[in-house]
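Have a look at the structure below before the remarks.
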Amino acid sequence: MINITFPDGKTEQFESPVDGSAVASSISEGFARNCVAMEVNSALVDMSAQIREDAKIRFITTGDSEGLDVLRHTAAHVMAQAVLRLYPDAQPTIGPVVADGFYYDFDMEPVSEEDFAKIEAEMKKIVKEKLPIVREEVSKERALEFYRDQPYKRELIEELEDGTISFYTQGGFTDLCRGPHLPHTGFVRAFKLLRVSGAYWRGDSNRPQLQRIYGTAFFDKKELKKYLDFLEEARKRDHRKLGAALDLFSFHDEAPGMAFFHPRGMDLWNALLDYWRKEHRAAGYVETKTPIILHRSLWEQSGHWENYRENMYTVLIDETESAIKPMNCPGGMLLFKRRRHSYRDLPIRAAEIGLVHRHELSGVLSGLFRVRAFHQDDAHIFMTPDMIESEILGILQLVRRMYSTFGLGFHLELSTRPEKSIGTDEQWENATGGLTGALEAYGADYLINEGDGAFYGPKIDIHIKDAIGRTWQCGTIQLDMSLPERFDLSYVGKDNEKHRPVMIHRVVYGSIERFLGILVEHFAGRFPLWLAPVQAVILPINDSLVPFAEEINARFFNAGLRTCVDDRTESLNKKVREAQLDKVPLILTVGEKERSAGTLAVRTLDGAVRHGVAIDTFINAVCDNVAARSLGMENLMSL
RNA sequence: GCCAGCGUAGCUCAGUUGGCAGAGCUACUGAUUUGUAAUCAGUUGGCCGGGGGUUCGAGUCCCUCCGCUGGCUCCA
């Protein structure tokens, strides 16, 4: 007899050996049907695994996140089986679970999305067949023999220890796999193939390119639909589509990966930077600006020529080689060095909206998210070592204040010393200690990415979460122990001796282009008033009311607001429709009633109209809303 | 850069087995003077992404270049 302990602490006795299904059935048959795997002494295994001695067991059901991973892994196998039925010459390689689904890589003829219907139909058959999924432990020798004609699988097996190798078989399909898997294929009811792509074997561009087929799966068709709806919502918010529709920016073949900003896009840009400058001045920053073309010698001194050359654009001027800056720091170094500094000057917080160019691979360019030219809201902070903690804390507080203005949540990740790095143990301890000290003082939870820091110092990355739950890394705080050395930076201490300052690079928006794109998607183009390129459009009901509309427009203009009059001789319906499509937050109609009463009819994007709003009161309220950089328009709704 | 898909009017798209380039919106002109999501009529608008080839004939087939889209980190 063996004792099995459940998560609630209860213990049951069973005849040894017993498998998971039998144990689950002893609780209830209904429960057992929802069990997809189990955790035995903290190892995830199949329901069919035999238990031979006392153990702690936790069942994984269709409701657990581990269960979803198991399902998706099995879905990958079902897809592989379907692909092999349809393309007998395809060689399966690997098929892992990823964040929102799964993929499987095959060495096979190219497939396209048009083939999905066929593959999905075959998958449905396999699901309907409810094939039992059977695990088998095999020797390395047998595994290699089984895959004698499949070099990819053989390569994987070669790297495994004998005695730890397992196969999973469902119907006629057997795959090398660690597992665990669902008891049978019938669980894979709600799935969808999403896209195909080329992917290099083991991510190495020198090795063969495989066909990667992505899909996703859920236990429940409703969950699948929810996910597909989310993809659709993201598609609707696509900043490239909205950017064109709202006339914010465009791209042209003559400058791939470099955005052209339109007047409305610049209104948005300037609103973002006005706010940025206000916060940075308040936080004790000074603003600087450095050239974008600098001599090769500077890049050699900074180390970029050696380490970042392939991403840099170069240019020959008067027979001197120069590079267009991919980063602002070397220029910032020159500014720091232009005179001697006392410890009394520190910290120096030198910000720069720096235009940088980076030669990204043509295939990775994507709207404003991945470009070849962009502006960083950079800053270099020079300080004494004992200021690290308070300076980092200051940045974290600045970041929190600024992101919350946009209604963006965020989380922090600390990256520590990588294997290849410069600097002494003591320097790293001091630097990393400063960062963790600041994080503790800041008081929020953070993740640690061990060994993920830059070679020149540890960093904190700030990941924001947008309105539909996607995360983006924007802000970063990087401590740099390399550049102060390379540029021999110093300040004079209390002791009248030269000392090496500590330097950090940091950004809040990151790339202003990219941040703007994220905001377009976050707000779905419906910007809060303070950001909206056109804050209000005034619609005269007929031509005779145009002068009155112009008069009101002038009052908005004098109050510092961005408004315009739609004086075309079009129907009111059409003007309203177009203003709605332009996502202008306030649509103000004026007719005879408004002229005689000195009021406005205020329509908001939800379609609601409030009549008889007094003009002066309204303008004041709009100004208040903009000055407060409110996310909503509550103060206007109560007028 | 590599793989796959795509590129037709300013925008959204149609265009059959290769046989005279189309629609709606936009813009422009005229009429209409409009009370909260498209008033009506007319007129413009095209090197079918660029170049080369096959063919009596190419938007359509082939080659090549450019650009765009999805991927190329997640490890049996």
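Remark: C1' of B:G70 and CZ of A:Phe369 are 15 Å apart, rounded to the nearest angstrom. Distance CG (A:Leu248) to C1' (B:C11): 16 Å, rounded to an integer number of Å. In this entry the distance linking OH of A:Tyr103 with P of B:G70 reads 19 Å, nearest Å. The nearest whole Å value for the distance from the CZ atom in A:Arg370 to the P atom in B:C68 is 14 Å. Counting to the nearest Å, the C1' atom of B:U36 and the CD1 atom of A:Ile541 are 8 Å from each other. In this structure, CG of A:Leu539 is placed 14 Å from P of B:A38, rounded to the nearest angstrom. When the P atom of B:G1 is taken as reference, atom NE2 of A:His359 falls 7 Å away, rounded to whole Å. Here B:G70 presents its P atom at 18 Å from CD of A:Glu114, a figure rounded to the nearest Å.
The base-pairing partner of B:C6, taking Watson-Crick or G-U wobble contacts with both distances under 3.5 Å, is B:G67. Of the nucleotides present, none pairs with B:A37 by Watson-Crick or G-U wobble criteria with both distances under 3.5 Å. Across all strands shown, nothing is found opposite B:U44 as a Watson-Crick or G-U wobble partner with both distances under 3.5 Å. Base pairing of B:U32 is not made with any nucleotide, judged by Watson-Crick or G-U wobble geometry with both donor-acceptor distances under 3.5 Å. Nucleotide B:A21 forms a pair with no other nucleotide shown, judged by Watson-Crick or G-U wobble geometry with both contacts under 3.5 Å.
Side-chain nitrogen and oxygen atoms of A:Lys575 include none within less than 4.0 Å of the OP1 or OP2 phosphate oxygen of B:U39. A sub-4.0 Å separation between OP1 or OP2 of B:G1 and a side-chain N or O of A:Ser362 is present.
The two residues A:Ile119 and A:Met79 make their nearest non-hydrogen contact at CG2-CG, 4.4 Å. Between A:Ile541 and A:Leu545 the shortest heavy-atom distance is CG2-CD1, 3.3 Å. Considering every non-hydrogen atom in both A:Leu516 and A:Gly265, the closest pair reads CD1-O, 4.4 Å. Taking each heavy atom of A:Asp107 and A:Thr93 in turn, the nearest pair found is N-CG2, 4.4 Å.
Using a 4.0 Å heavy-atom distance criterion, A:Val364 is classed as a base contact. Nucleic acid contact for A:Gly179: none, since no nucleic acid atom lies under 4.0 Å from a heavy atom of the residue. Counting any heavy atom pair closer than 4.0 Å across all strands shown, A:Ser205 reaches no nucleic acid atom. Residue A:Arg603 is in base contact, counting any heavy-atom pair closer than 4.0 Å across all strands shown. Among the heavy atoms of the strands, none lies under 4.0 Å from A:Ala244.
Side chain of A:Arg148 to main chain of A:Arg154: no donor-acceptor pair is present (N/O by atom type, distance under 3.5 Å, no hydrogens or angles). A donor-acceptor pair under 3.5 Å is absent between the side-chain atoms of A:Arg610 and the main chain of A:Val602, judged by distance alone.
Note: A:His73 and A:His181 have tilted aromatic rings, judged against thresholds of 30 and 60 degrees for the angle between ring planes. Ring geometry for A:Tyr104 against A:His77 counts as perpendicular: the plane angle is over 60°, on a 0 to 90° scale with 30° as the lower cut. Taking the six-membered ring where the residue is Trp, A:Phe249 and A:Phe251 present perpendicular rings, their angle passing 60° and hence far from 30°. Ring-plane geometry between A:His411 and A:His463 is classed as parallel, the angle between the planes falling under 30 degrees on a 0 to 90 degree scale with a further cut at 60.
You won't find any donor-acceptor pair under 3.5 Å spanning the side chain of A:Tyr200 and the base of B:G71, going by distance alone. Interface remark: the A:Asp543 side chain does form a donor-acceptor pair with the B:U33 base, using a distance-only criterion of under 3.5 Å.
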Filtered N/O pairs between nucleotides 61-66 of chain B and protein, under 3.5 Å:
none

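Nucleotides B:U39 and B:U32 place their C1' atoms 7 Å apart, quoted to the nearest Å. The gap from the C1' atom of B:C11 to that of B:U26 amounts to 7 Å, rounded to the nearest Å. Nucleotides B:U34 and B:G49 place their P atoms 47 Å apart, quoted to the nearest Å. Rounded to a whole angstrom, the distance from the P atom of B:C61 to that of B:G15 is 13 Å. Comparing B:U29 with B:A37, their P atoms sit 28 Å apart, to the nearest whole Å. Taking atom P on both B:U16 and B:A58, the two are 16 Å apart, rounded to the nearest angstrom. Between B:U44 and B:G24, the distance separating the two P atoms is 14 Å to the nearest Å. As rounded to the nearest Å, B:U60 and B:U55 have P atoms that lie 16 Å from one another.
Contacts with RNA chain B (heavy atom under 4.0 Å) in residues 77-88 of chain A: none are found. Of all the residues in residues 225-235 of chain A, not one reaches under 4.0 Å from RNA chain B with any non-hydrogen atom. Residues of residues 208-215 of chain A having a heavy atom closer than 4.0 Å to RNA chain B, listed by number: A:Gln209, A:Gln211, A:Arg212, A:Tyr214. Contacts between residues 577-595 of chain A and RNA chain B, defined by a heavy-atom separation under 4.0 Å, are made by A:Arg577, A:Gln580, A:Leu581, A:Thr589, A:Gly591, A:Glu592, A:Lys593, A:Glu594.
For A:Asp162, the side chain to side chain contact (heavy atoms under 4.5 Å, CB included) criterion is met by A:Ser139, A:Lys140, not counting sequence neighbours.
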Check the pair A:Ser250, A:His262 against side chain to side chain donor-acceptor pair (under 3.5 Å), reporting the backbone distance first and the verdict last.
CA-CA 8 Å; A:Ser250 54; A:His262 304 181; 2.7 Å; yes
Derivation of the side chain to side chain donor-acceptor pair (under 3.5 Å) call for A:Asn542 and A:Ser544:
CA-CA 6 Å; A:Asn542 63 43; A:Ser544 72; 2.6 Å; yes
Step by step, would you call A:Asp46 with A:Ser48 a side chain to side chain donor-acceptor pair (under 3.5 Å)?
CA-CA 5 Å; A:Asp46 299 297; A:Ser48 60; 4.7 Å; no
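Within 6.0 Å of the NZ atom in A:Lys575, the count of heavy atoms belonging to other residues, nucleotides or ligands exceeds 12. By the 6.0 Å contact criterion, CD on A:Glu114 is open, its count of non-hydrogen atoms from other residues, nucleotides or ligands being 12 or less. Residue-environment remark: NZ (A:Lys226) stays at or below the threshold of 12 foreign heavy atoms within 6.0 Å. More than 12 heavy-atom neighbours from other residues, nucleotides or ligands sit within 6.0 angstrom of CD on A:Glu159.
For the pairing with A:Phe218, the ring-ring contact (aromatic ring centres under 6.0 Å, His included) check across A:Phe187, A:Tyr227, A:Phe102 returns one residue only, A:Tyr227.
Judged by the 6.0 Å and 45° rule, A:Arg195 forms a cation-pi pair with A:Tyr214.
Nearest-nucleotide positions on RNA chain B for A:Val196 and A:Leu160 put A:Val196 closer to the 5' end. Projected onto RNA chain B by closest heavy-atom contact, A:Thr164 and A:Arg568 fall at different nucleotides, the more 5' of which corresponds to A:Arg568.
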